[in-house]
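Report on the following structure.
In what follows, chains carry the letters A, B, and so on, assigned in the order in which the sequence lines appear, proteins first and then strands, with residues in each chain numbered from 1. Values below: all heavy atoms of this structure, side chains included; hydrogens, waters and symmetry mates excluded. No experiment lies behind these values; they were computed from the predicted model shown.
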Number of protein chains: 2
Amino acid sequence: MQDLEELTGLLKAIADKRRLQIIDLLSYGKMCVCNVTEQLGLSQPNASHHLKILKNAGLIISTKRGRWVDYELNQEKLEHLQERLGEVISESNEEVDFIKINCDKKS
Amino acid sequence: MQDLEELTGLLKAIADKRRLQIIDLLSYGKMCVCNVTEQLGLSQPNASHHLKILKNAGLIISTKRGRWVDYELNQEKLEHLQERLGEVISESNEEVDFIKINCDKKS
DNA sequence: TAAATATATTTAAATATATTTATATAATAT
DNA sequence: ATATTATATAAATATATTTAAATATATTTA
């Protein structure tokens, strides 16, 4: 089997309505935090919090511009996430010996 | 923007190490609960619990076979999940008017 | 029918996560 | 310098999730 720690972390980062909204919003382009709070109706600290989680996961990138901080999607990382998910999900043709038709103690 | 409720639900269902392990395991083929507990070293109630969450999300399918219950991946639903995620993630070329270069109260 | 087995459900405890409120920092403008 | 603004961090609280333990249900076998 596989190392699933990293994928779990990435999925946890996006498995939240607010954070998916942020990703969806950022897919229209780079924008500052205030734009995110405004568009999604979030309080500034709440937006900051969710942005931080996405940033820690490496899924978004921040750049400072004077008083503002712009955020944008990290497409590379997002594609990586999709690929890894695909790998785990995809059916295997490999012959394995650990699948038992039953686990009856008597057999 | 989009309806992200459904996608959030699907992502929450898989954003867990144990449940990713289960999906990874089931990608080798249909198997009974006891096989899952055995392979992943989970207690039976814990395995049952995680399987239920995946099943409620529609990502796996169960079939009763005498005393046993077999589980298998629902490939259709998993592909749907991947597609929806791709839609949300993918960059948009659409011109939008809500992105402001700054949100200064004065401007 | 009674005993054994596979699985599910319920409850409680432990842990993690989200939201809010308050405060801090850093850049800009006056 | 001082005030204002954008963002971040911290603390407090509320909520959700995970795990574990106990119990229930259903099927099979003796």
Side-chain angles (χ1 to χ4, degrees), chain A residues 4-5 8-23 25-26 30-57 60-72 99-107, chain B residues 4-5 8-23 25-26 30-57 60-72 99-107:
Chain A
L4 299 170
E5 295 284 357
T8 306
L10 293 174
L11 289 172
K12 273 189 197 298
I14 63 169
D16 178 276
K17 193 189 169 191
R18 293 290 155 76
R19 295 198 288 275
L20 272 187
Q21 285 181 318
I22 290 174
I23 289 173
L25 185 60
L26 292 183
K30 191 192 245 193
M31 67 189 74
C32 65
V33 178
C34 55
N35 223 318
V36 174
T37 66
E38 204 170 77
Q39 284 305 309
L40 305 182
L42 300 179
S43 71
Q44 180 273 312
N46 195 6
S48 247
H49 170 246
H50 288 298
L51 286 166
K52 190 183 184 183
I53 288 172
L54 289 171
K55 193 186 167 186
N56 284 345
I60 61 175
I61 295 164
S62 69
T63 356
K64 195 151 194 188
R65 176 173 50 83
R67 256 186 299 172
W68 294 273
V69 177
D70 291 329
Y71 282 91
E72 67 190 306
I99 299 183
K100 298 178 191 159
I101 198 68
N102 75 59
C103 298
D104 200 317
K105 299 274 158 61
K106 287 178 188 159
S107 53
Chain B
L4 299 170
E5 296 284 355
T8 306
L10 292 175
L11 289 172
K12 272 188 197 299
I14 63 169
D16 178 274
K17 194 188 169 193
R18 295 289 158 74
R19 295 198 287 275
L20 272 188
Q21 285 180 318
I22 290 175
I23 289 173
L25 185 61
L26 292 183
K30 191 192 246 192
M31 67 190 74
C32 66
V33 177
C34 54
N35 223 319
V36 173
T37 67
E38 202 170 79
Q39 284 305 308
L40 305 181
L42 301 178
S43 71
Q44 178 272 312
N46 196 4
S48 248
H49 171 243
H50 288 298
L51 286 165
K52 190 183 183 182
I53 288 173
L54 289 171
K55 193 186 167 186
N56 284 346
I60 60 176
I61 296 165
S62 70
T63 356
K64 196 152 193 186
R65 175 173 51 83
R67 255 187 296 169
W68 292 275
V69 177
D70 291 328
Y71 282 91
E72 67 189 306
I99 299 183
K100 299 179 191 159
I101 197 67
N102 76 59
C103 299
D104 199 318
K105 300 276 158 59
K106 286 179 190 159
S107 52

Residues A:Tyr71 and A:Leu26: closest non-hydrogen pair is O-CD2, 3.6 Å
Take atom CG of A:Leu51 and atom C1' of C:dT17, then tell me their distance rounded to the nearest Å.
17 Å
B:Asn56 has an atom CG; how far is it from atom P of C:dA8, in whole Å?
11 Å
Counting only Watson-Crick and G-U wobble pairs with both atom distances below 3.5 Å, the stems of 3 or more consecutive pairs that include DNA chain D are C:1-30 with D:1-30
Are OP1 or OP2 of C:dA8 and a side-chain N or O of B:Lys52 less than 4.0 angstrom apart?
no
A:Arg18 vs C:dT19: side-chain N/O to OP1/OP2 distance below 4.0 Å:
yes
Under-4.0 Å salt bridge between A:Asp70 and A:Arg65
yes
For D:dT18 and B:Arg19 - does any side-chain N or O of the residue sit under 4.0 Å from the phosphate oxygens OP1/OP2?
yes
Which part of the nucleic acid, if any, lies within contact of A:His50, taking any heavy atom under 4.0 Å across all strands shown: a base, the sugar-phosphate backbone alone, or nothing?
sugar-phosphate
The answer to which of A:Asp16 and B:Pro45 contacts DNA chain C further toward the 5' end, by nearest nucleotide, is B:Pro45
Between A:Ser62 and B:Gly66, name the one whose nearest nucleotide on DNA chain D is closer to the 5' end.
A:Ser62
Please give, in whole Å, the distance from D:dT7 P to A:Lys55 NZ?
13 Å
Let me know the distance between NE2 of A:His49 and C1' of C:dT21, rounded to the nearest Å.
15 Å
Nearest heavy-atom approach of B:Ser62 to B:Lys55 is OG-NZ, 2.9 Å
For residues B:Thr8 and A:Leu20, report the shortest heavy-atom separation together with the two atoms involved.
OG1-CD1, 3.5 Å
Quick one: side-chain contact (heavy atoms from CB on, under 4.5 Å) partners of B:Leu10, sequence neighbours excluded?
B:Glu6, B:Ala57, B:Leu59, B:Lys77, B:His80, B:Leu81
Taking CG from A:Asn46 and P from C:dA22, how many angstroms apart are they, rounded to a whole number?
16 Å
Counting any heavy atom closer than 4.0 Å, what does A:Leu42 reach on the DNA or RNA strands: base, sugar-phosphate only, or nothing?
nothing
To the nearest Å, how far apart are B:Arg65 CZ and D:dT27 P?
14 Å
List for me each residue that meets side-chain contact (heavy atoms from CB on, under 4.5 Å) alongside B:Ser48, sequence neighbours excluded, and say none if there are none.
B:Gln44
Between B:Trp68 (CH2) and C:dA4 (C1'), how many Å, whole number?
12 Å
Between A:Ile53 and A:Lys64, which residue's closest nucleotide on DNA chain C lies nearer the 5′ terminus?
A:Ile53
Keeping A:Arg19 on the side-chain end and A:Leu54 on the backbone end, is there a donor-acceptor pair under 3.5 Å?
no
Choose from C:dA6, C:dT28, D:dA8 the nucleotide whose nearest atom is closest to any side-chain atom of B:Arg67.
C:dA6
note: B:Leu54, atom CG; D:dT17, atom P; distance rounded to Å ~ 14 Å
On a heavy-atom basis, which atom in A:Lys30 and which in B:Ile99 lie closest, and how many Å separate them?
O-CG2, 3.7 Å
Hey, does the side chain of B:Tyr71 come within less than 4.0 Å of C:dA8's phosphate (OP1/OP2), counting only N and O?
yes
Do A:Gln44 and D:dA8 have a side chain to base donor-acceptor pair shorter than 3.5 Å?
yes
